[in-house]
Amino acid sequence: MERTLEAKVGGAVDAWIAWLPRWKPATHRVRTRLCRRCLGSPFLKAIGLDADVPHGVQHGLTTRMKALIDDVVDEYTDQNLPVLSRELKETERRKARSYRPEVGLDPEFDGLQLDPDPVPGEPFLFTLGELAEGDGPPESVRPIELSEEEKQALRTEIRLADECADHAGRLICGFLQQHRVRAREAVAEIVEPQVTALLDALSESLDVPPTRW
Ligand SMILES: [Zn+2]
């Protein structure tokens, strides 16, 4: 598993670098919520992009690493955790009937806030978040009632899945360190000129000399 994961981390970093030229500095209103995936992320620390890098650029990387962990845990769950596997499939089956705007997004958008922050006095007609919540049967409606034994097994299996995710996360952090130099170079070559250009444009618009009459 380690060798494959190492190769996958390399591939994900390649994909992230290939995507970087499509990144654009956000000139729209700054979002107020902090991103839980990127704030203090051990992945960003491991690859050396935890400071002075725009959030969109960081997010494109953390999301790709999160997807790798999910793959490892899914595979492990499928092969080793029968109760959890059955429960997840059941949940998926029920959720498949409802609208989920957060599913199937490009990695750069995955995990971000679905709707922009509301502006006081300008209510939305609807939000994607509400649409997602309003559909499908409520979470409390469970078609299968678990026995005490199954509940206990499920708790154990959830713990094992968590341990598997933790283990994969640590391995990924180790592998990411091999890509520090090229990640830094890619950011310096592709991202930093855009940030500098944006800052120059901003300071020019602030430096307009007063009109002389
Ligand atoms: Zn983020």
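Since the structure is predicted, the reported quantities are computational estimates derived from the model, not experimental observations. For the single chain, residues carry numbers from 1 onward in sequence order. In each ligand, atom 1 is the first atom listed, and ligand 1 is the first ligand listed.
- Of the N and O atoms on the side chains of Arg170 and His167, not one donor lies less than 3.5 Å from an acceptor on the other residue.
- Counting only protein N, O or S atoms closer than 2.8 Å to the Zn ion (ligand 1) gives 4.
- Pairs of residues two or more places apart, or lying in two chains, that qualify as salt bridge (Lys or Arg N to Asp or Glu O under 4.0 Å) and include a residue from residues 71-80 are Asp78-Lys89.
- The shortest non-hydrogen separation linking Gly56 to Trp19 is O-CH2, 3.5 Å.
- Residue Gln79 places its CD atom among more than 12 non-hydrogen atoms of other residues, nucleotides or ligands, all under 6.0 Å distant.
- At a threshold of 4.0 Å, the pair Glu157-Arg86 does not count as salt-bridged, since none of the basic side-chain nitrogens sits closer than that to a carboxylate oxygen.
- Going from atom OG1 of Thr4 over to atom NZ of Lys8 covers 6.5 Å, rounded to the nearest 0.5 Å.
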